[in-house]
Amino acid sequence: MRKKKVLSGIRPTGKLHIGHWAGVLSNWVELQEKYDCFFMVADWHALMSEYKNSGRIKSNIIDNVADWISWGIDPDKSVVFVQSDVSEHIELFMFLSVLTPLGWLSRCPTFKEQLKQLKDKDINTYAFLGYPALQASDILIYKANYVPVGEDQLPHLEITREIARRFHSIYKRSVFVEPQPLLTKAPKLLGIDNRKMSKSYNNFISLDEDDSSIETKIVSMFTDPLRLRKKDAGHPDTCNVFSYYKTFAPDLAGDVRTWCVNAGKGCRECKEVLAKKLIGIISDKRRRKKELLRDEDFLPSVLRDGARKARSFASRTLAEAKEAVYAVRDL
Ligand code: TRP
(Lines give C-alpha, C1' and ligand atoms only; values in the text may rest on other atoms or scores of the structure.)
Protein backbone atom coordinates (compact mmCIF):
# COMPACT_ATOMS: atom_id res chain seq x y z
CA MET A 1 0.00 0.00 0.00
CA ARG A 2 1.13 3.52 -0.72
CA LYS A 3 2.19 5.52 2.24
CA LYS A 4 0.00 8.40 3.31
CA LYS A 5 1.31 11.86 2.58
CA VAL A 6 2.32 14.57 5.01
CA LEU A 7 2.99 18.19 4.20
CA SER A 8 4.21 20.88 6.53
CA GLY A 9 5.97 24.20 6.31
CA ILE A 10 7.94 26.74 8.29
CA ARG A 11 8.18 30.41 7.39
CA PRO A 12 11.80 31.56 7.02
CA THR A 13 11.42 34.68 9.14
CA GLY A 14 14.55 34.23 11.26
CA LYS A 15 16.75 31.74 13.01
CA LEU A 16 15.23 28.49 14.21
CA HIS A 17 15.33 27.87 17.95
CA ILE A 18 14.80 25.01 20.36
CA GLY A 19 11.08 25.80 20.46
CA HIS A 20 10.92 24.93 16.76
CA TRP A 21 12.71 21.67 17.51
CA ALA A 22 10.36 20.74 20.34
CA GLY A 23 7.18 21.87 18.59
CA VAL A 24 7.79 21.06 14.95
CA LEU A 25 11.07 19.56 13.79
CA SER A 26 11.33 16.66 16.23
CA ASN A 27 7.90 15.60 15.06
CA TRP A 28 8.90 15.87 11.40
CA VAL A 29 11.93 13.68 11.99
CA GLU A 30 9.66 10.93 13.34
CA LEU A 31 7.02 11.31 10.67
CA GLN A 32 9.47 10.74 7.85
CA GLU A 33 9.82 7.09 8.92
CA LYS A 34 6.13 6.41 8.44
CA TYR A 35 4.86 8.75 5.72
CA ASP A 36 5.85 10.29 2.42
CA CYS A 37 6.74 13.71 3.71
CA PHE A 38 6.94 17.08 2.01
CA PHE A 39 8.74 19.68 4.10
CA MET A 40 8.48 23.16 2.71
CA VAL A 41 10.09 26.50 3.39
CA ALA A 42 7.08 28.80 3.16
CA ASP A 43 8.90 31.84 1.81
CA TRP A 44 5.84 33.41 0.19
CA HIS A 45 4.03 33.21 3.50
CA ALA A 46 7.05 34.86 5.11
CA LEU A 47 6.89 37.62 2.53
CA MET A 48 3.29 38.34 3.48
CA SER A 49 4.39 39.68 6.85
CA GLU A 50 8.06 40.49 6.13
CA TYR A 51 7.76 42.27 2.80
CA LYS A 52 9.61 45.24 4.25
CA ASN A 53 12.47 43.00 5.46
CA SER A 54 12.50 40.80 2.40
CA GLY A 55 16.29 40.98 2.05
CA ARG A 56 16.71 38.49 4.88
CA ILE A 57 14.41 35.83 3.51
CA LYS A 58 16.91 34.24 1.09
CA SER A 59 19.64 33.79 3.68
CA ASN A 60 17.14 32.52 6.24
CA ILE A 61 16.07 29.82 3.78
CA ILE A 62 19.54 28.32 3.55
CA ASP A 63 20.17 28.74 7.27
CA ASN A 64 16.89 27.06 8.23
CA VAL A 65 17.27 24.16 5.83
CA ALA A 66 20.80 23.60 7.15
CA ASP A 67 19.25 23.30 10.62
CA TRP A 68 16.55 20.93 9.40
CA ILE A 69 19.10 18.58 7.92
CA SER A 70 21.60 18.75 10.73
CA TRP A 71 18.82 17.98 13.22
CA GLY A 72 17.66 14.91 11.30
CA ILE A 73 15.51 15.72 8.28
CA ASP A 74 16.77 13.40 5.59
CA PRO A 75 16.41 14.71 2.04
CA ASP A 76 16.73 11.15 0.75
CA LYS A 77 13.57 10.20 2.61
CA SER A 78 11.57 13.41 2.42
CA VAL A 79 10.99 16.06 -0.19
CA VAL A 80 12.63 19.23 1.09
CA PHE A 81 11.78 22.28 -0.99
CA VAL A 82 11.13 25.99 -1.14
CA GLN A 83 7.55 27.10 -1.86
CA SER A 84 8.54 29.76 -4.38
CA ASP A 85 10.46 27.18 -6.43
CA VAL A 86 7.13 25.54 -7.21
CA SER A 87 5.09 28.24 -8.88
CA GLU A 88 2.19 25.80 -9.30
CA HIS A 89 1.24 26.73 -5.72
CA ILE A 90 0.41 30.26 -6.81
CA GLU A 91 -1.49 29.12 -9.84
CA LEU A 92 -3.67 26.79 -7.79
CA PHE A 93 -4.04 29.55 -5.19
CA MET A 94 -5.69 31.61 -7.93
CA PHE A 95 -8.23 28.90 -8.70
CA LEU A 96 -8.95 28.56 -4.98
CA SER A 97 -9.13 32.32 -4.41
CA VAL A 98 -11.95 32.81 -6.88
CA LEU A 99 -14.23 30.60 -4.81
CA THR A 100 -13.09 31.50 -1.30
CA PRO A 101 -15.66 33.75 0.38
CA LEU A 102 -14.17 36.87 1.93
CA GLY A 103 -15.91 36.12 5.22
CA TRP A 104 -13.94 32.89 5.73
CA LEU A 105 -10.73 34.89 5.54
CA SER A 106 -11.75 38.00 7.43
CA ARG A 107 -13.27 35.95 10.25
CA CYS A 108 -10.25 33.66 10.56
CA PRO A 109 -9.03 33.99 14.18
CA THR A 110 -5.34 34.00 13.21
CA PHE A 111 -5.93 36.92 10.88
CA LYS A 112 -7.63 38.99 13.55
CA GLU A 113 -5.05 38.01 16.14
CA GLN A 114 -2.06 38.85 13.95
CA LEU A 115 -3.47 42.21 12.93
CA LYS A 116 -3.67 43.05 16.60
CA GLN A 117 -0.27 41.65 17.54
CA LEU A 118 1.89 42.70 14.62
CA LYS A 119 0.86 46.35 14.60
CA ASP A 120 4.33 47.47 13.47
CA LYS A 121 4.24 45.27 10.37
CA ASP A 122 1.49 46.84 8.28
CA ILE A 123 -0.15 43.55 7.43
CA ASN A 124 -3.60 44.86 6.73
CA THR A 125 -3.04 43.85 3.13
CA TYR A 126 -4.78 41.96 0.37
CA ALA A 127 -2.18 39.17 0.42
CA PHE A 128 -2.17 38.71 4.16
CA LEU A 129 -5.92 38.31 4.17
CA GLY A 130 -5.43 35.49 1.66
CA TYR A 131 -2.77 33.73 3.78
CA PRO A 132 -4.99 30.70 4.53
CA ALA A 133 -5.92 30.31 0.86
CA LEU A 134 -2.26 30.01 -0.11
CA GLN A 135 -1.76 27.56 2.73
CA ALA A 136 -4.72 25.58 1.39
CA SER A 137 -3.03 25.49 -1.99
CA ASP A 138 0.24 24.26 -0.40
CA ILE A 139 -1.61 21.38 1.19
CA LEU A 140 -4.17 20.46 -1.46
CA ILE A 141 -1.69 20.50 -4.32
CA TYR A 142 0.09 17.46 -2.80
CA LYS A 143 -3.16 15.76 -1.75
CA ALA A 144 -1.62 15.59 1.70
CA ASN A 145 -3.51 13.34 4.12
CA TYR A 146 -1.96 14.85 7.21
CA VAL A 147 -0.61 18.21 8.20
CA PRO A 148 1.42 18.33 11.41
CA VAL A 149 0.68 21.66 13.02
CA GLY A 150 0.34 23.39 16.34
CA GLU A 151 -3.09 24.35 17.67
CA ASP A 152 -2.72 27.87 16.34
CA GLN A 153 -2.88 26.53 12.78
CA LEU A 154 -6.13 24.60 13.15
CA PRO A 155 -8.30 27.37 11.67
CA HIS A 156 -6.12 27.26 8.53
CA LEU A 157 -6.64 23.52 8.25
CA GLU A 158 -10.38 23.99 8.62
CA ILE A 159 -10.42 26.63 5.87
CA THR A 160 -8.38 24.27 3.70
CA ARG A 161 -10.98 21.56 4.11
CA GLU A 162 -13.80 23.98 3.42
CA ILE A 163 -12.12 25.25 0.28
CA ALA A 164 -11.64 21.68 -0.96
CA ARG A 165 -15.31 20.89 -0.32
CA ARG A 166 -16.46 24.05 -2.04
CA PHE A 167 -14.29 23.30 -5.07
CA HIS A 168 -15.69 19.79 -5.29
CA SER A 169 -19.25 20.94 -4.94
CA ILE A 170 -18.96 23.71 -7.53
CA TYR A 171 -17.06 21.71 -10.14
CA LYS A 172 -18.68 18.34 -9.40
CA ARG A 173 -15.39 16.53 -9.43
CA SER A 174 -13.25 15.30 -6.61
CA VAL A 175 -9.68 16.46 -7.11
CA PHE A 176 -8.38 17.09 -3.62
CA VAL A 177 -7.98 15.16 -0.40
CA GLU A 178 -9.35 16.72 2.77
CA PRO A 179 -6.35 16.87 5.08
CA GLN A 180 -6.39 15.98 8.77
CA PRO A 181 -4.29 17.81 11.32
CA LEU A 182 -1.65 15.91 13.24
CA LEU A 183 -1.43 17.82 16.46
CA THR A 184 2.01 18.07 17.95
CA LYS A 185 1.90 16.54 21.38
CA ALA A 186 5.11 18.11 22.63
CA PRO A 187 4.64 20.68 25.36
CA LYS A 188 5.31 24.22 24.32
CA LEU A 189 8.74 25.37 25.45
CA LEU A 190 8.64 28.82 26.93
CA GLY A 191 11.51 31.23 26.51
CA ILE A 192 14.22 31.56 29.16
CA ASP A 193 12.17 34.37 30.80
CA ASN A 194 8.98 32.24 30.91
CA ARG A 195 7.34 34.27 28.16
CA LYS A 196 6.43 32.80 24.78
CA MET A 197 9.66 31.89 22.97
CA SER A 198 10.01 34.54 20.34
CA LYS A 199 12.43 36.44 18.20
CA SER A 200 11.02 39.74 19.38
CA TYR A 201 11.68 38.96 23.06
CA ASN A 202 15.18 37.61 22.36
CA ASN A 203 14.52 34.90 24.92
CA PHE A 204 15.31 31.85 22.80
CA ILE A 205 18.20 29.44 22.32
CA SER A 206 18.86 28.95 18.67
CA LEU A 207 19.50 25.57 17.11
CA ASP A 208 23.12 26.56 16.49
CA GLU A 209 23.74 28.60 19.64
CA ASP A 210 27.37 28.88 20.89
CA ASP A 211 28.34 26.81 23.89
CA SER A 212 29.09 29.78 26.12
CA SER A 213 25.89 31.51 25.25
CA ILE A 214 23.85 28.34 25.94
CA GLU A 215 25.45 28.25 29.37
CA THR A 216 24.72 31.92 30.07
CA LYS A 217 21.14 31.68 28.89
CA ILE A 218 20.29 28.46 30.71
CA VAL A 219 21.81 29.63 33.96
CA SER A 220 19.77 32.83 33.76
CA MET A 221 16.48 30.93 33.32
CA PHE A 222 13.59 31.60 35.65
CA THR A 223 12.84 28.63 37.89
CA ASP A 224 10.04 27.66 40.25
CA PRO A 225 9.01 30.94 41.90
CA LEU A 226 7.78 29.05 44.97
CA ARG A 227 11.21 27.64 45.65
CA LEU A 228 13.00 30.56 47.22
CA ARG A 229 15.68 28.66 49.11
CA LYS A 230 17.52 25.49 48.29
CA LYS A 231 15.91 23.70 51.21
CA ASP A 232 12.39 24.46 49.93
CA ALA A 233 10.71 21.68 47.97
CA GLY A 234 10.31 22.55 44.28
CA HIS A 235 7.45 21.97 41.84
CA PRO A 236 8.94 20.50 38.67
CA ASP A 237 5.64 20.35 36.82
CA THR A 238 5.33 24.11 36.79
CA CYS A 239 9.03 24.83 36.29
CA ASN A 240 10.15 25.79 32.79
CA VAL A 241 13.60 24.30 33.41
CA PHE A 242 11.95 20.93 33.97
CA SER A 243 10.09 21.17 30.66
CA TYR A 244 13.47 21.69 28.98
CA TYR A 245 14.68 18.50 30.70
CA LYS A 246 11.68 16.57 29.45
CA THR A 247 12.40 17.66 25.91
CA PHE A 248 16.17 17.42 25.77
CA ALA A 249 17.14 15.01 28.53
CA PRO A 250 14.19 12.70 29.17
CA ASP A 251 16.67 10.19 30.61
CA LEU A 252 17.48 12.61 33.44
CA ALA A 253 13.95 13.82 34.09
CA GLY A 254 13.23 11.18 36.76
CA ASP A 255 16.31 12.13 38.78
CA VAL A 256 15.66 15.80 38.36
CA ARG A 257 12.14 15.43 39.68
CA THR A 258 13.50 13.63 42.74
CA TRP A 259 16.14 16.32 43.46
CA CYS A 260 13.61 19.01 43.03
CA VAL A 261 10.73 17.75 45.15
CA ASN A 262 13.11 16.58 47.89
CA ALA A 263 15.09 19.80 47.81
CA GLY A 264 18.18 17.74 47.00
CA LYS A 265 19.99 19.97 44.54
CA GLY A 266 19.55 23.68 44.11
CA CYS A 267 18.16 25.37 41.02
CA ARG A 268 21.54 26.70 40.00
CA GLU A 269 23.08 23.25 39.95
CA CYS A 270 20.03 21.86 38.18
CA LYS A 271 20.46 24.46 35.43
CA GLU A 272 24.18 23.76 35.13
CA VAL A 273 23.48 20.09 34.49
CA LEU A 274 20.88 21.06 31.89
CA ALA A 275 23.29 23.47 30.21
CA LYS A 276 25.90 20.75 29.90
CA LYS A 277 23.39 18.37 28.37
CA LEU A 278 22.10 20.95 25.92
CA ILE A 279 25.62 21.97 24.91
CA GLY A 280 26.32 18.31 24.14
CA ILE A 281 23.30 18.11 21.86
CA ILE A 282 23.57 21.46 20.13
CA SER A 283 27.33 21.45 19.56
CA ASP A 284 27.07 18.22 17.62
CA LYS A 285 24.34 19.63 15.33
CA ARG A 286 26.20 22.91 15.00
CA ARG A 287 29.25 21.08 13.74
CA ARG A 288 27.16 19.23 11.18
CA LYS A 289 25.52 22.43 10.06
CA LYS A 290 28.91 24.05 9.53
CA GLU A 291 29.96 21.15 7.35
CA LEU A 292 26.78 21.37 5.29
CA LEU A 293 27.29 25.07 4.74
CA ARG A 294 30.95 24.66 3.88
CA ASP A 295 30.01 22.76 0.74
CA GLU A 296 28.37 25.58 -1.19
CA ASP A 297 26.70 23.27 -3.67
CA PHE A 298 25.14 20.82 -1.25
CA LEU A 299 22.07 22.67 0.04
CA PRO A 300 21.20 24.33 -3.27
CA SER A 301 21.33 20.91 -4.88
CA VAL A 302 19.08 19.43 -2.16
CA LEU A 303 16.57 22.22 -2.81
CA ARG A 304 16.78 21.86 -6.57
CA ASP A 305 16.13 18.18 -6.27
CA GLY A 306 13.28 18.77 -3.80
CA ALA A 307 11.66 21.34 -6.10
CA ARG A 308 11.83 18.91 -8.99
CA LYS A 309 10.11 16.16 -7.00
CA ALA A 310 7.53 18.55 -5.55
CA ARG A 311 6.76 19.93 -8.99
CA SER A 312 6.05 16.56 -10.46
CA PHE A 313 3.22 16.09 -7.93
CA ALA A 314 2.06 19.68 -7.94
CA SER A 315 1.81 20.01 -11.71
CA ARG A 316 -0.33 16.88 -11.93
CA THR A 317 -2.83 18.14 -9.35
CA LEU A 318 -2.91 21.57 -10.94
CA ALA A 319 -3.75 20.00 -14.30
CA GLU A 320 -6.57 18.01 -12.73
CA ALA A 321 -7.90 21.11 -11.02
CA LYS A 322 -7.86 23.11 -14.24
CA GLU A 323 -9.56 20.37 -16.06
CA ALA A 324 -12.29 20.27 -13.41
CA VAL A 325 -12.76 24.04 -13.62
CA TYR A 326 -13.03 24.29 -17.39
CA ALA A 327 -14.76 21.01 -18.14
CA VAL A 328 -17.76 21.85 -16.04
CA ARG A 329 -21.05 22.45 -17.83
CA ASP A 330 -24.33 23.97 -16.82
CA LEU A 331 -23.12 25.66 -13.67
N1 TRP B 1 1.25 28.92 8.39
C2 TRP B 1 2.32 28.04 8.81
C3 TRP B 1 2.98 28.64 10.05
O4 TRP B 1 3.03 29.82 10.22
C5 TRP B 1 3.34 27.85 7.72
C6 TRP B 1 2.76 27.16 6.54
C7 TRP B 1 2.62 27.63 5.28
C8 TRP B 1 2.26 25.82 6.53
N9 TRP B 1 2.06 26.72 4.47
C10 TRP B 1 1.82 25.59 5.20
C11 TRP B 1 2.14 24.84 7.52
C12 TRP B 1 1.22 24.38 4.85
C13 TRP B 1 1.54 23.62 7.16
C14 TRP B 1 1.09 23.41 5.84
O15 TRP B 1 3.51 27.90 10.84
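In this chain, residues are counted from 1 in sequence order. Note that ligands are numbered from 1 as they come in the structure, with each ligand's atoms numbered from 1 the same way.
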Which label fits His45 and Tyr131: parallel for a plane angle under 30°, tilted from 30 to 60°, or perpendicular past 60°?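 Taking Tyr131 first and then His45, their aromatic rings sit tilted (interplane angle of 30° to 60°).
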Would you call the rings of Trp71 and Trp21 parallel, tilted or perpendicular, where under 30° means parallel and over 60° means perpendicular?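 Plane angle between 30° and 60°, so tilted.
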Has Lys277 got its NZ or CZ under 6.0 Å from the middle of the six-membered ring of Tyr244, at an angle within 45 degrees of the ring axis?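 So Lys277 doesn't make the cation-pi contact.
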Can you pull out every ring-ring contact (aromatic ring centres under 6.0 Å, His included) where at least one residue sits in residues 300-324? Sequence neighbours excluded, please. Phe38-Phe313
Collect the protein residues that have a non-hydrogen atom under 4.0 Å from ligand 1 and hand them over in chain and number order.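 If the criterion is a heavy atom under 4.0 Å, then ligand 1 touches Leu7, Ser8, Gly9, Arg11, Met40, Ala42, His45, Tyr131, Gln135, Asp138, Ile139, Val147, Gln153.
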Test of ring centre spacing under 6.0 Å for Tyr142 and Phe81: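 Yes: the rings meet the under 6.0 Å criterion.
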Aromatic contact between Phe111 and His156, with the criterion being ring centroids under 6.0 Å apart: yes or no?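 Ring centres of His156 and Phe111 not closer than 6.0 Å.
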